[in-house]
Amino acid sequence: MTEYTYDVTDVAASAGPTPSQTVGPFFHMALPYDAGPAVVGPERPGALTLHGYVYDGEGAGVPDALVEVWQADEEGAFCGTPGVYEEPDATGFRGFGRSATDEHGHYAFTTVRPGAVPTTDGAAQAPHLAMSVFARGMLRRVVTRVYFAPDDADPLLAAVDEDRRATLLATRDEGGYRFDVRLQGPDETVFLDVFAR
Amino acid sequence: MSSFDDGVRKDDLDPPYLFADYASTVLRSPGKALLVPPPGLTELTGPAFGNGDVRDTDADLTVHGSGEAIGERIIVHGTVTDSLGKPVRSSLVEVWQANAAGRYVHALDQHPAPLDPNFVGAGRCLTDDEGRFRFTTIKPGPYPWKNHTNAWRPAHIHFSLFGRAFTQRLVTQMYFPGDPLFYQDPIFNGVRDERARKRMISSYDHGTTSPEWATGYRFDIVLGGAEATPLEH
C-alpha cells in the first residue's frame with residue numbers, strides 16, 4: 001500500500017475545474033437507461049447498428065465499461081430538443097446515446113450515419129461521431145471519433161500516422177458498422193484530448 | 001478556454017490514465033499520447049436536457065421505499081459553473097452511492113454489509129437557472145475493496161455532469177471533509193495536485209442544515225471550458 005504522506009493542512013482548494021474520477025464498478029444502478037442505446041428511433045430511414053467491443057491491454061473484453069456517443073443528424077445538424085432519457089419517436093433523432101458493455105465487453109447503439117460538420121474555422125471534416133468510454137480502472141474517460149469511411153482530406157485523419165488511422169474507422173458488417181475500442185497495446189485506438197480545462 | 005490562473009497544470013488536474021497504485025489502471029490505460037483534434041462542432045456541442053428526464057422525486061434518494069432509509073440524512077447541494085463562472089443551466093446531474101453501511105445495490109458488490117430495503121442510492125436532477133442542484137440522501141459509508149491489503153474507499157458520492165458540450169462531460173466523486181481514509185486511497189490521490197484534489201471534498205454547510213431533519217454539505221462543481229457560442233446553421 002502506498003501511504004500518501006504530504007501535508008494536508010496547509011493547502012486550500014483553489015478555484016478551478018473539478019478533477020475527474022473513475023466511474024467505478026457500480027454505475028449500472030444509476031447511469032444506463034432503457035432508451036440509452038437509441039440515438040435514433042428504430043424506424044428512422046437509414047437506421048443502423050453501431051456496435052463493437054471494448055478491449056483491455058491483454059485483449060480481454062471490458063465487461064464494466066460505459067460507452068457514450070454524440071453526433072449530428074444526416075444533414076449535419078445537432079439535436080436541440082431537450083431530453084435524453086425518453087425513448088425517441090419511431091423516426092426521431094436524439095443525437096446522444098449511452099450503452100453499458102455486457103459481460104463480453106460488447107456495446108451497441110441504433111443510429112444513423114451523421115452528415116459532415118465542419119471545424120469552428122469552417123474547415124471540412126469527414127462524417128464522424130464523438131465517443132467516450134468510462135470504466136473502473138480509468139480515472140478519466142477516453143475520447144475518440146468514429147469515422148465511417150477513410151478520407152485523407154479530413155484534418156484529424158490526415159494528422160494520424162497512417163498505420164493507426166484504421167483504429168478510427170468503423171467497418172461495415174451485417175446490419176451496420178462495427179467499431180472496437182482498444183484501450184492499450186500495439187493496436188491501441190487513437191484517443192483524443194478534447195477536455196475543456 | 002479558462003479564466004483560471006490557479007497554478008494547476010492541466011496535466012495535473014485530472015488523474016493520469018496509468019496510476020499503478022490503483023491496480024485496475026494497469027491494463028486499462030492508453031500508452032500512447034493523446035491527439036488534439038481540430039476544434040470540431042461535434043465535440044463543442046452536446047445534448048440538451050428537459051423536465052422529461054427527471055421526476056420530482058429523483059432528487060430525494062430517501063423516499064423510494066415503504067419506510068425511512070437508514071442512516072444520517074444529509075442535504076447535498078452546490079452549483080455547476082463553467083470556467084468563466086457562468087452557471088450551467090438545465091443540465092443533468094446524476095448521482096449514485098453506497099448506503100449508510102457502505103453497500104451498493106449492485107450484484108457485484110459482495111461487501112458483507114446490510115442492504116437497506118428503503119434505499120437504492122441513485123438520483124438525478126436538472127440544475128436550475130443559477131446552475132444549482134440539491135439532493136437529499138443518506139451519508140454513504142466507507143467500504144472495502146481489493147486494490148491493496150485492507151483497502152477502504154473513503155465515503156463518496158459519484159457525480160455525472162454534462163455541461164453544454166461534449167468537451168465538458170465530467171464524471172467525478174464527492175468526498176466528505178476530514179475523512180480518515182484519504183491517506184491510503186489511490187483513486188482520490190490519483191489527482192496529483194493537492195489544490196485540485198481538495199476541490200473534490202465537500203464542505204459542511206450549517207446554513208443548509210435543516211433543524212431536526214438533515215445536515216447540509218456543499219459541493220460546487222466547475223466544468224472546464226465556457227459555454228459554446230450558439231451555432232449558426
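Chain letters run A, B, ... following the sequence lines, proteins first, then strands; residues in each count from 1.
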Problem - Heavy-atom side-chain contact between B:Leu108 and A:Pro25 under 4.5 Å - result: no
Might you point out which heavy atoms bring [X] and [Y] nearest each other, and give the distance in Å?
X        : Y        : result
B:Arg28  : A:Asp56  : CG-CB, 4.3 Å
A:Pro17  : B:Ser83  : CG-OG, 4.4 Å
B:Thr172 : A:Pro19  : OG1-O, 2.8 Å
B:Lys32  : A:Pro186 : CE-O, 4.2 Å
A:Met29  : B:Gly121 : CE-O, 3.6 Å
B:Pro38  : A:Thr119 : CB-CG2, 3.8 Å

For the atom pair [atom1] ([X]) and [atom2] ([Y]), what is the distance rounded to the nearest 0.5 Å?
X        : Y        : atom1 : atom2 : value
A:Arg141 : B:Asp14  : CZ    : CG    : 9.5 Å
B:Phe159 : A:Gln21  : CZ    : CD    : 13.0 Å
A:Tyr4   : B:Glu194 : OH    : CD    : 13.5 Å
B:His158 : A:Phe26  : NE2   : CZ    : 8.0 Å
A:Asp193 : B:Leu35  : CG    : CG    : 9.5 Å
B:Asn189 : A:Leu139 : CG    : CG    : 10.5 Å

Go through the atoms of [X] and report whether side chain, backbone, both or neither lie under 4.5 Å from a heavy atom of chain A.
X        : value
B:Leu170 : side chain
B:Glu43  : side chain
B:Ser160 : side chain
B:Val95  : backbone
B:Arg169 : both
B:Asp185 : backbone
B:Asp220 : backbone

Pick whichever of [options] has the most heavy-atom pairs under 4.5 Å with chain B.
options                             : answer
A:Met131, A:Arg182, A:Arg94         : A:Met131
A:Thr22, A:Thr81, A:Val117, A:Val62 : A:Thr22
A:Ala60, A:Gly95, A:Ala135, A:Pro82 : A:Pro82

Practice task
Could you tell me whether A:Glu75 atom CD has more than 12 heavy atoms of other residues or ligands within 6.0 Å of it?
Solution key: no
Exercise for the section: Mark yes when over 12 heavy atoms from residues, nucleotides or ligands other than A:Asp34 sit less than 6.0 Å from its CG; otherwise mark no. Expected result: no
Exercise for the section: Go through the side-chain N and O atoms of B:Glu94 and A:Tyr33 and say whether any donor and acceptor fall under 3.5 Å apart. Expected result: no
Exercise for the section: In sequence, state the C-alpha distance, the side-chain angles, and the governing distance for A:Val23 and B:Trp96, and then conclude on side-chain contact (heavy atoms from CB on, under 4.5 Å). Expected result: CA-CA 10 Å; A:Val23 76; B:Trp96 68 104; 3.7 Å; yes
Handout entry: For A:Phe96, the option from B:Phe49, B:Phe166, B:Phe162 that meets ring-ring contact (aromatic ring centres under 6.0 Å, His included)
Key = B:Phe162
